[in-house]
Amino acid sequence: MKRQKVLPRSFYARPAVKVARDLLGKTIEHAGRSGRIVEVEAYLGEGDEAAHSARGITPRTRVIFGPPGHAYVYFIYGMHYCLNLVAEREGKAGCVLIRALEPLRGTRMPCNGPARLTRALGITLEQNGADLTRGDIRVLENENGEALLIRTSPRIGISKSTDLRLRFFLAGNPFVSR
DNA sequence: GCTATGATCATA
DNA sequence: ATGATCATAGCA
């Protein structure tokens, strides 16, 4: 089996929407567990009221404005962790929420939902700010160059900027959430 | 300091 | 439709 390459920082140093679409089909792994990305959402800087970064740099959003290729993990509803991958150049906000994985190795826990996949992969606030090119979370290139059929929709669970179609998922994939 | 809220999920 | 449960942010 051919060894998959870790995505370079240049992959992330692009507009969040492009990074989001291109992340579909990639493999993410942590703590010996891995899954294939089948559903993501892009969160932008300016003009995206639904994004945590909408009101500028705070202690929590600091990493979103930092260099690309790092993990932004946040804690929500008193019990859930969600994983984002930081995009855009340093100083500009933009990230991609990982919403669903197709489990590959190390877990049979459900990965269809942003909080479910962090639980399945063992990701917590401890991984916030982790470097995706060096640290214990790794994102790997596709093994083959298969064409992916990508579907688009509004994002889930937000109340602002609902007109933006920034959710991307693999058409017909059974591991997409909902 | 205090309070409101939430990029969710399980249960009913 | 509702409850769980607490970090974060905004305000006093």
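Everything numeric here is computed off the predicted structure, so don't read it as measured data. Every chain is numbered from 1 and lettered A, B, ... according to where its sequence line falls, protein lines coming before strand lines. Just the heavy atoms: all of them, side chains too, but no hydrogens, waters or symmetry mates, feed the values below.
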Worksheet item: Just how far, in rounded Å, is C1' of B:dC9 from CZ of A:F75?
Response: 13 Å
Practice prompt. May I ask you to decide if the ring planes of A:Y81 and A:F75 are parallel, tilted or perpendicular, using 30° and 60° as cut-offs?
Written response: tilted
Discussion item. Does B:dT8 have its OP1 or OP2 closer than 4.0 Å to a side-chain nitrogen or oxygen of A:R178?
Written reply: no
Fill in: Sidechain-backbone polar pair: A:Q4 side chain, A:E141 backbone, donor-acceptor under 3.5 Å
yes
Practice prompt. Return the nucleotide paired to B:dA7: Watson-Crick means purine N1 to pyrimidine N3 with N6-O4 or O6-N4, wobble means G-U with N1-O2 and O6-N3, both under 3.5 Å.
Written response: none
Worksheet item: Reckon A:A50 touches a base, only the sugar-phosphate, or nothing at all at heavy-atom distances under 4.0 Å?
Response: base
Worksheet entry | Distance in angstrom units between A:M79 CE and C:dG3 C1', rounded | 8 Å
Discussion item. Are A:Y43 and A:V96 linked, directly or through intermediate hydrophobic residues, by side-chain heavy-atom contacts shorter than 4.5 Å (ILVMFWY only)?
Written reply: no
Fill in: Which nucleotide in C:dA9, C:dT8, B:dG6 has an atom nearest any side-chain atom of A:S159
B:dG6
Worksheet entry | Nucleotide of C:dA9, B:dT8, C:dG10 approaching A:C82 most closely (side-chain heavy atoms) | B:dT8
Fill in: Which nucleotide in C:dA9, B:dA10, B:dA7 has an atom nearest any side-chain atom of A:Y43
B:dA7
Response to the item:
Of A:C95 and A:P110, the one whose nearest nucleotide on DNA chain B sits closer to the 5' end is A:C95
Worksheet item: Looking just at side-chain N and O atoms, do A:R105 and A:S34 make a donor-acceptor pair shorter than 3.5 Å?
Response: no
Discussion item. If you assign A:Y72 and A:R116 each to the DNA chain B nucleotide with the nearest heavy atom, which residue ends up on the more 5' nucleotide?
Written reply: A:Y72
Worksheet item: Between B:dT8, B:dA7, C:dA9, which nucleotide has the shortest distance from any of its atoms to the side chain of A:A115?
Response: B:dT8
